[in-house]
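Structure record follows, encoded as structure tokens.
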Protein chains: 2
Amino acid sequence: MSQTVDRALSILPLLAQGPADLGQVAERLGVHKSTALRLLRTLHEHGLVFRQGDQRYRLGARLFALAQEAVENLDVREIAHPHLVELNEQCGHTVHLAVYEENEVLYIDKVESRYPVRMYSRIGKPVAITVAAVAKLLLADLPEPERRVVADKLDYPMYTSRSTPNAVAFLRELAVVREQGWATDLGGHEESINCVGAPIRGADGRAVAAMSVSAPNVVVTREELLTLLPLVRRTADTISREYSGTTRPKKA
Amino acid sequence: MSQTVDRALSILPLLAQGPADLGQVAERLGVHKSTALRLLRTLHEHGLVFRQGDQRYRLGARLFALAQEAVENLDVREIAHPHLVELNEQCGHTVHLAVYEENEVLYIDKVESRYPVRMYSRIGKPVAITVAAVAKLLLADLPEPERRVVADKLDYPMYTSRSTPNAVAFLRELAVVREQGWATDLGGHEESINCVGAPIRGADGRAVAAMSVSAPNVVVTREELLTLLPLVRRTADTISREYSGTTRPKKA
DNA sequence: AGTTGTCGTTGCAGCATGTGCAACACCCAT
DNA sequence: ATGGGTGTTGCACATGCTGCAACGACAACT
């Protein structure tokens with residue numbers, strides 16, 4: 001790995017937390033001001049960083065443009081979206097779409113109760129990987145050795161008393177999910193929130209994404225939410241079919 | 001500027017066009033394969049890039065997460081404030097900043113007029129949503145269905161004879177505002193007060209806030225106030241650019 | 001099977017490149 | 001004026017980046 005690039009890229013998450021001036025950047029990077037300045041300049045020339053009125057640095061528009069392209073290239077999202085909306089119209093609850101990437105599970109789409117999605121709402125956040133239904137689905141689909149390696153590396157925070165406590169329990173849960181082809185999160189992340197989810201599979205049978213429906217206890221009980229399972233699975237299967245039918249990654 | 005970082009960052013827009021393998025990246029960068037490899041590795045460790053199918057490289061979803069986090073930590077008010085003050089120094093009148101939230105439009109910042117006669121308003125208070133210039137701007141930017149739903153739910157109090165009388169008239173007014181990109185309130189709230197306003201837009205083109213200049217008849221006539229329109233729009237555009245982190249405005 | 005081509009990966013020697021220092025320029029408060 | 005706080009510049013040094021060439025893995029042909 002390249003030290004210079006490593007330092008430069010470390011600036012990005014730093015600025016994502018909020019604007020910072022040259023001194024702060026240099027200090028938090030552990031380098032001299034002049035070094036930080038040159039890194040920032042380079043980032044600036046590529047538009048990833050922006051200087052606002054009072055000399056402070058912020059993430060720039062180019063980064064947003066790149067982020068846009070990054071998700072647009074995930075064509076699962078395009079295909080799935082209308083189906084997520086439809087599902088939302090039928091049940092009224094929040095619908096999520098997530099993918100697995102590099103030891104993380106990220107939400108890439110979301111439909112909130114009755115209103116159309118707004119870009120940049122809360123999509124893009126990593127999910128609570130040890131408890132979320134979509135995370136279980138995606139991890140359960142990994143090849144066995146990788147699954148175990150990932151499970152070992154994870155932390156197992158006890159969000160609630162129902163959270164997955166450790167790797168052993170997690171792997172056991174994944175085996176169940178793998179077997180039954182769907183997953184739940186019953187108060188494992190927040191005590192009052194339940195989810196049911198199902199995988200979206202590509203032509204080769206592997207899970208390319210996962211979707212879930214979430215609702216708080218006060219709206220529907222666990223049992224009522226579980227009655228939506230067939231609908232969720234049917235939607236996921238529909239998306240799977242459309243995805244594997246239209247996706248033809250030519251040039252082999 | 002730093003050569004190494006410069007090269008590394010050049011990879012991103014390159015990958016934005018589509019996945020590429022090591023050889024292609026090296027060639028298009030004009031560097032040796034081993035160099036490209038090390039750059040890609042570094043990008044990979046930061047999650048900006050990932051390898052699909054253990055072969056080709058593509059943009060990583062972490063880019064998306066980064067942009068997301070940055071947007072959440074963005075504070076329109078902080079960015080706008082100095083510009084509002086500057087505008088106030090140039091024209092002397094009251095300047096307002098407002099956002100739309102949950103069927104309401106709220107003032108979130110205000111710079112008081114230098115003239116003795118001031119208008120009543122308070123930061124944090126909902127504005128007269130059917131007549132205020134800022135409210136028209138923000139509602140005009142909503143997606144069509146939501147706009148209509150909101151317009152139907154509103155009350156249309158006749159503050160003055162010039163107030164918007166009903167939903168039909170309001171929607172017509174919003175269409176005009178949407179078209180022209182600015183809005184006025186000519187005695188619709190208080191007989192003697194006029195306003196002109198313009199929207200502040202984020203990187204995705206949606207209005208994140210709106211600003212206006214207000215003055216009573218006794219200080220400036222409507223016609224005189226309207227001559228400030230270019231200045232108001234220019235200020236709003238400047239704030240928009242700074243908020244979205246770009247130097248060049250997108251197309252309207 | 002053997003062979004040839006392609007592609008990703010590695011270790012290394014040389015030197016381009018990034019680094020930190022110190023001095024400078026600037027702005028604002030005192 | 002004076003001082004402390006910024007961001008910025010030029011420069012000598014050596015760090016860490018570069019390109020080379022060789023290796024291993026894999027697949028496609030003959």
Side-chain angles (χ1 to χ4, degrees), chain A residues 1-12 14-15 17-60 101-103 143 145-146 149 204 206 249-252, chain B residues 1-12 14-15 17-60 78-79 81-83 85-86 89 242 245 247:
Chain A
M1 55 171 155
S2 160
Q3 185 190 60
T4 317
V5 178
D6 185 51
R7 285 173 170 171
L9 296 183
S10 300
I11 294 177
L12 297 180
L14 195 153
L15 289 185
Q17 295 169 10
D21 62 27
L22 179 61
Q24 294 169 331
V25 171
E27 188 194 6
R28 297 192 57 179
L29 267 189
V31 299
H32 197 268
K33 281 190 305 179
S34 60
T35 303
L37 178 66
R38 225 144 22 82
L39 297 177
L40 281 167
R41 275 227 243 269
T42 311
L43 290 169
H44 177 77
E45 283 190 8
H46 284 259
L48 299 185
V49 143
F50 174 78
R51 290 165 80 169
Q52 61 180 26
D54 57 347
Q55 300 284 28
R56 299 196 308 174
Y57 290 92
R58 270 192 35 211
L59 293 187
E101 189 179 301
E102 306 285 330
N103 300 338
E146 187 176 353
V149 169
D204 55 359
R206 294 213 35 181
K250 250 329 274 168
K251 171 85 190 105
Chain B
M1 57 174 160
S2 160
Q3 185 191 62
T4 317
V5 177
D6 186 49
R7 286 172 169 171
L9 297 182
S10 300
I11 293 178
L12 298 179
L14 194 153
L15 289 184
Q17 295 169 7
D21 62 24
L22 179 61
Q24 295 168 336
V25 171
E27 187 195 3
R28 298 192 57 179
L29 268 189
V31 299
H32 197 267
K33 282 190 303 180
S34 60
T35 304
L37 178 66
R38 215 143 27 82
L39 297 178
L40 280 167
R41 275 227 244 266
T42 311
L43 290 169
H44 174 83
E45 283 190 7
H46 285 261
L48 300 187
V49 140
F50 87 110
R51 303 160 80 178
Q52 56 179 13
D54 210 53
Q55 259 285 45
R56 304 194 303 176
Y57 293 91
R58 44 165 310 157
L59 292 184
E78 189 190 343
I79 292 173
H81 190 76
H83 299 282
V85 171
E86 190 187 349
E89 282 165 358
E242 185 166 335
T247 4

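All of these numbers come straight from a predicted model, not from anything done at the bench. Per chain, numbering begins at 1; letters A, B, ... match sequence-line order.
The structure places CE of B/Met1 at 8.0 Å from NE2 of A/His46, a figure rounded to the nearest 0.5 Å. Remark: B/Leu9 CG to B/Thr4 OG1 distance equals 10.5 Å, nearest 0.5 Å.
With a 4.5 Å cut-off on side-chain heavy atoms, B/Arg58 and B/Leu15 do not count as touching. Inter-residue side-chain proximity for B/Ile11 and B/Arg7 is flagged as unmet; no heavy-atom pair is nearer than 4.5 Å. Within the 4.5 Å cutoff, the side chain of B/Leu12 has heavy atoms near those of the B/Val49 side chain. Taking 4.5 Å as the limit, every side-chain heavy atom of B/Gln24 sits out of range of all side-chain heavy atoms of B/Pro19.
Put simply, CG on B/Asp6 is 14 Å from C1' on C/dG18, counting in whole angstrom units. Protein atom CG of B/Leu22 is 17 Å distant from nucleotide atom P of D/dC26, rounded to whole Å. Rounded to a whole Å, the CZ atom of A/Arg56 is 13 Å from the P atom of D/dT6. Taking atom CD of A/Glu27 as the reference point, atom P of C/dG20 lies 15 Å away to the nearest angstrom. We find that CG of B/Leu37 is positioned 5 Å from P of C/dT9, with the value rounded to whole Å. Across the protein-nucleic acid pair, A/Leu29 atom CG and C/dG20 atom C1' stand 14 Å apart, rounded to whole Å.
Closest approach of A/Lys33 to A/Leu22, counting heavy atoms only: O-CD1, 3.8 Å.
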For each nucleotide in nucleotides 10-24 of chain D, reading 5' to 3', give B when a protein heavy atom comes within less than 4.0 Å of its base, S when such contact involves only the sugar-phosphate, and - otherwise. ------SSBBBB---
Between protein and nucleotides 25-30 of chain C, map the contacts as a letter string: B base, S sugar-phosphate only, - none, heavy atoms under 4.0 Å, written 5' to 3'. ------
Checking side chain to side chain contact (heavy atoms under 4.5 Å, CB included) for the pair A/Leu39/A/Leu29: CA distance, chi angles, key distance, verdict? CA-CA 11 Å; A/Leu39 297 177; A/Leu29 267 189; 4.2 Å; yes
